[in-house]
Amino acid sequence: MHPYNRLPSTGYSTPSPPSSPLRSPRLRPGRIKTGRFSPNQPPPVRTVSQRLAWLFLSVLLRRQGVFLFAPLIYISCMLLYIGSVSFDIVPIIKHRPAPGSVYRSPELYSKLRDEMDSDDSSVDAISTIWKSAYKGGQWKPCVNNSSGGLPESNGYIYVEANGGLNQQRTSICNAVAVAGYLNATLVIPNFHYHSIWKDPSKFSDIYDEEYFVNTLKNDVRVVEEIPEYLMERFGSNMTNVYNFRIKAWSSIQYYKDVVLPKLLEEKVIRISPFANRLSFDAPPVVQRLRCLANYEALRFSSPILTMGESLVARMRKHSEMNGGKYVSIHLRFEEDMVAFSCCVFDGGKQERQDMTAAREIGWKGKFTKPGRVIRPGAIRINGKCPLTPLEVGLMLRGMGFTKNTPIYLASGKIYNAEKTMAPLLEMFPNLHTKETLASEEELSLFKNYSSRMAAIDYTVCLHSEVFVTTQGGNFPHFLLGHRRYMYAGHSKTIKPDKRKLALLFDSPNIGWKSLKRHLLNMRSHSDSKGVELKRPNDSIYSFPCPDCMCRANRTDTRPSSAT
C-alpha cells in the first residue's frame with residue numbers, strides 16, 4: 001500500500017482518465033478579437049514612444065528595487081510643476097461669519113418695522129407683565145436696629161471709596177460691616193477722585209450724612225473726622241497712618257486676625273482702596289450690618305432726593321393712561337462703554353477712529369499690548385456687547401410693550417445720539433430723560449457731577465413698574481436688590497439673555513411672529529427669576545432674601561416701604 005494511499009490495494013490499478021485538451025483562448029477557433037493579431041497575421045509596428053514605455057515597464061516589473069526611486073521621481077515632477085505655475089493670482093476664500101457675530105439689527109428693524117407697527121395682537125405688557133409668585137410667599141424687610149449701647153471703641157478706621165456712585169456704595173456698606181464687627185469707629189468714607197468719573201463730590205454731597213450717622217448710632221459709631229490728639233502722632237497727615245493693602249474678597253476672619261491687632265496697637269488705621277475688599281459670604285451679624293447700611297442708613301442728600309422725587313411725579317403724570325406705571329431703562333451706550341466693549345457696530349471708519357481715540361484716552365495702552373487679540377465677533381456671540389438703542393426698542397416691542405408705553409431712559413451721553421437714538425424714539429415716542437423732564441436751571445446743581453446725576457437716575461428707576469437692564473454693572477446690581485427690598489422680594493426687572501438676542505438679531509430670515517414668540521419667552525423668564533434667594537458667593541446687594549428680609553403673609557400684596 002502506498003504510504004499516501006488510504007484505500008487498500010486490490011492488486012490492480014484503475015486506469016486514469018485521458019488528459020483534457022488545452023483550452024487556451026488563443027487556440028480556440030472563433031475567439032480572436034478585433035485589435036489582436038492572429039497567428040497568420042504579422043504583428044503591428046510599434047512606435048518609438050510605445051517601445052520606450054514597454055521597455056520602462058518591463059524594467060520596473062523585473063527590477064522591483066527600482067520602486068525605491070519612486071518618491072524621488074514624484075518630488076522631481078512636483079518641483080517641475082510648481083516652477084511652471086504662476087502665483088500672482090491667489091484664490092479667494094469667502095469666510096462666512098458665525099451666527100450672532102455681526103451687528104445686523106438695523107437691517108432686521110427695517111424689514112420688520114411695518115409688520116411690528118401693524119401688530120395689535122396683545123395687551124400692553126406694562127399692565128400684565130408680572131405674574132409669577134414665589135412658592136415660599138412674599139417677603140418683607142426685617143432689618144432691626146440694636147437697642148443697647150456700644151462698648152468702648154477699639155480705634156478708628158478710615159477708608160477710601162473708589163469708583164463711581166454704586167462702587168462707592170459697596171465700599172460704604174462694607175466699611176460699616178467691618179467697623180461694627182471689629183467694634184471700631186468708622187470715619188465718614190472719603191470718596192476717591194477718578195479720572196473717568198471726574199466727580200469731586202464728597203459723602204455729604206451724595207448722601208444725607210446726619211441721617212446716616214443717626215440710623216447707625218446703636219450699631220456702629222460714625223464720626224466726621226479723627227480727633228486731633230490722635231492725628232498729632234502722625235503729623236496731622238493721613239498719609240502717615242498705617243495703610244492696609246487688603247486683597248479683594250477677603251473674609252471677615254482676616255479682618256479679625258490681621259487688622260484688629262494692628263488697630264488695637266495703632267488706634268488709627270487706613271484701608272485704601274476699599275472697593276470689594278470683603279467677601280460676599282459672611283456671618284449673619286456682618287450681613288445684618290450690610291443690610292442696615294444699604295437699605296436703611298444710606299439716603300440721598302436733600303437736593304438729590306427732592307429732584308429725584310420730582311421726576312418720579314412727572315413720569316407718573318406722563319403715565320396716567322397706564323395708572324402711573326412706567327418703564328425705566330438703564331442704557332449703557334456711552335462712548336466709553338462702546339470703546340471698552342471692543343464691539344463693532346454700524347458706524348464704519350468714523351466709529352473705528354472714535355473708539356481707538358477713546359480707548360487711548362481712558363485706558364492708555366491697555367488694548368494695544370503686544371499679544372493681545374481682540375475678537376469683536378466672539379464678544380458679541382458671548383453677549384458682552386452693549387445693546388444699542390435700536391436693539392432695546394426692538395426687544396421691548398417684541399416683549400409686548402406698545403408704542404405708547406411711557407419710558408424713562410437712565411443714561412449718560414449716548415454715543416452718536418442723533419443717529420443711534422432715532423429708531424428708539426420712532427418705536428417709543430413717549431420717551432423721557434432727566435434732561436427732558438427738568439429744566440436746565442433745575443439740573444444746574446448736578447449737571448457737572450456724574451455721581452449726582454446717576455443718583456437722580458437711580459431714584460427714578462427705583463420707583464418704576466418695570467426696570468430694564470442692558471449691560472450689567474454696579475448700577476443694576478444695586479437696583480435689583482433695592483427693588484426686591486421694596487417690592488416684597490420681586491425685582492420687577494427684565495434682564496435679557498444677550499447671547500440669545502445676538503442670534504435673534506442676526507437672523508435675516510426671521511419673521512415678526514417668530515421673533516416676538518422668542519422675546520415673550522425671555523420676558524416670562526425674567527418674571528420667573530424676579531424672586532430669588534441668595535446663594536453662596538451671591539451679592540447681598542442684589543439678593544437681600546433671606547439675610548435682609550423675612551417671609552410675609554402670603555395674602556399681603558402691599559409693597560414695603562423703602563428709603
Side-chain angles (χ1 to χ4, degrees), residues 150-207 209 212-213 216 219-282 286 289-290 293-294 297-298 363-364 366 451 474 539 541:
L150 291 170
E152 184 179 352
S153 174
N154 288 327
Y156 292 83
I157 294 180
Y158 174 91
V159 302
E160 287 191 358
N162 55 311
L165 174 70
N166 292 288
Q167 191 170 344
Q168 290 171 346
R169 194 179 183 110
T170 305
S171 299
I172 296 166
C173 298
N174 288 346
V176 168
V178 169
Y181 189 75
L182 301 182
N183 187 32
T185 301
L186 177 65
V187 182
I188 289 290
N190 177 54
F191 287 174
H192 179 70
Y193 179 83
H194 197 282
S195 59
I196 292 179
W197 289 276
K198 298 178 181 178
D199 189 337
S201 298
K202 295 181 169 54
F203 185 96
S204 57
D205 295 323
I206 307 292
Y207 299 105
E209 186 174 314
F212 179 74
V213 174
L216 296 172
D219 294 274
V220 182
R221 289 186 184 89
V222 182
V223 297
E224 190 172 351
E225 57 184 17
I226 300 170
E228 185 60 32
Y229 75 90
L230 281 176
M231 287 304 298
E232 287 177 356
R233 294 171 47 201
F234 306 99
S236 298
N237 188 345
M238 186 57 68
T239 59
N240 294 329
V241 175
Y242 184 85
N243 183 36
F244 271 98
R245 306 291 292 186
I246 296 175
K247 291 182 180 179
W249 316 116
S250 293
S251 68
I252 195 65
Q253 191 62 40
Y254 174 85
Y255 287 88
K256 184 177 180 181
D257 295 341
V258 179
V259 177
L260 181 58
K262 194 69 175 178
L263 176 66
L264 292 170
E265 177 186 342
E266 296 284 335
K267 292 302 179 183
V268 181
I269 61 167
R270 182 164 60 105
I271 305 177
S272 176
F274 192 65
N276 303 323
R277 291 305 189 269
L278 180 62
S279 170
F280 283 138
D281 290 329
V286 175
L289 290 171
R290 277 172 153 169
N294 187 47
L298 282 178
W363 303 273
K364 296 182 186 299
K366 178 175 181 178
S451 291
N474 287 309
S539 169
Y541 307 123

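By convention here, the first residue in the shown sequence is residue 1. On a predicted model such as this, the values are computed, not experimentally measured, just so you know.
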A.B. asks: Could you tell me which non-hydrogen atom of Glu266 sits nearest to which non-hydrogen atom of Arg233, and how far apart they are?
C.D. replies: O-NH1, 3.0 Å
A.B. asks: Does Glu228, at its CD atom, have more than 12 non-hydrogen atoms belonging to other residues, nucleotides or ligands within less than 6.0 Å?
C.D. replies: yes
A.B. asks: Between Leu186 and Ala179, what is the shortest heavy-atom contact and its length?
C.D. replies: CB-CB, 3.9 Å
A.B. asks: Of the non-hydrogen atoms in Lys256 and Pro261, which two are nearest, and what is the gap between them?
C.D. replies: O-CD, 3.6 Å
A.B. asks: Roughly how far apart are Asn294 CG and Leu289 CG, rounded to 0.5 Å?
C.D. replies: 12.5 Å
A.B. asks: Taking all non-hydrogen atoms of both residues, which atom of Ala184 and which atom of Val220 are closest, and how far apart?
C.D. replies: O-CG1, 4.2 Å
A.B. asks: Would a 4.5 Å heavy-atom cut-off, applied to side chains only, mark Val259 and Phe244 as touching?
C.D. replies: yes
A.B. asks: Using 30° and 60° as the class limits, which term best fits the ring planes of Tyr207 and Phe191: parallel, tilted or perpendicular?
C.D. replies: perpendicular
A.B. asks: I'd like to check the side chain to side chain donor-acceptor pair (under 3.5 Å) partners of Ser279; sequence neighbours left out, ordered by chain and number.
C.D. replies: none
A.B. asks: Answer with yes or no whether the side chains of Thr185 and Ser153 bring together a donor and an acceptor at under 3.5 Å.
C.D. replies: yes
A.B. asks: Does any non-hydrogen side-chain atom of Ile226 lie less than 4.5 Å from one of Met238?
C.D. replies: yes
A.B. asks: Hey, mind stepping through Val241 and Tyr158 against side chain to side chain contact (heavy atoms under 4.5 Å, CB included) and telling me if it holds?
C.D. replies: CA-CA 9 Å; Val241 175; Tyr158 174 91; over 6 Å; no
A.B. asks: Less than 4.5 Å apart, any side-chain heavy atom of Ile271 and any of Tyr255?
C.D. replies: yes
A.B. asks: Check whether any side-chain heavy atom of Val286 sits under 4.5 Å from a side-chain heavy atom of Leu278, and report yes or no.
C.D. replies: yes
A.B. asks: Evaluate side chain to side chain contact (heavy atoms under 4.5 Å, CB included) for Arg221 paired with Asn183, printing each intermediate quantity in order.
C.D. replies: CA-CA 9 Å; Arg221 289 186 184 89; Asn183 187 32; 4.2 Å; yes
A.B. asks: Please examine the side chains of Asn174 and Tyr541, heavy atoms only from C-beta on, and report whether any two atoms are closer than 4.5 Å.
C.D. replies: yes
A.B. asks: Side chains of Met231 and Glu225: does their closest heavy-atom pair fall under 4.5 Å?
C.D. replies: no
A.B. asks: Can you name the closest pair of heavy atoms from Leu298 and Arg169 and give their distance?
C.D. replies: CD1-CG, 3.7 Å
A.B. asks: Quick check: closest heavy atoms across Ser272 and Asn243, and the distance to 0.1 Å?
C.D. replies: N-OD1, 3.0 Å
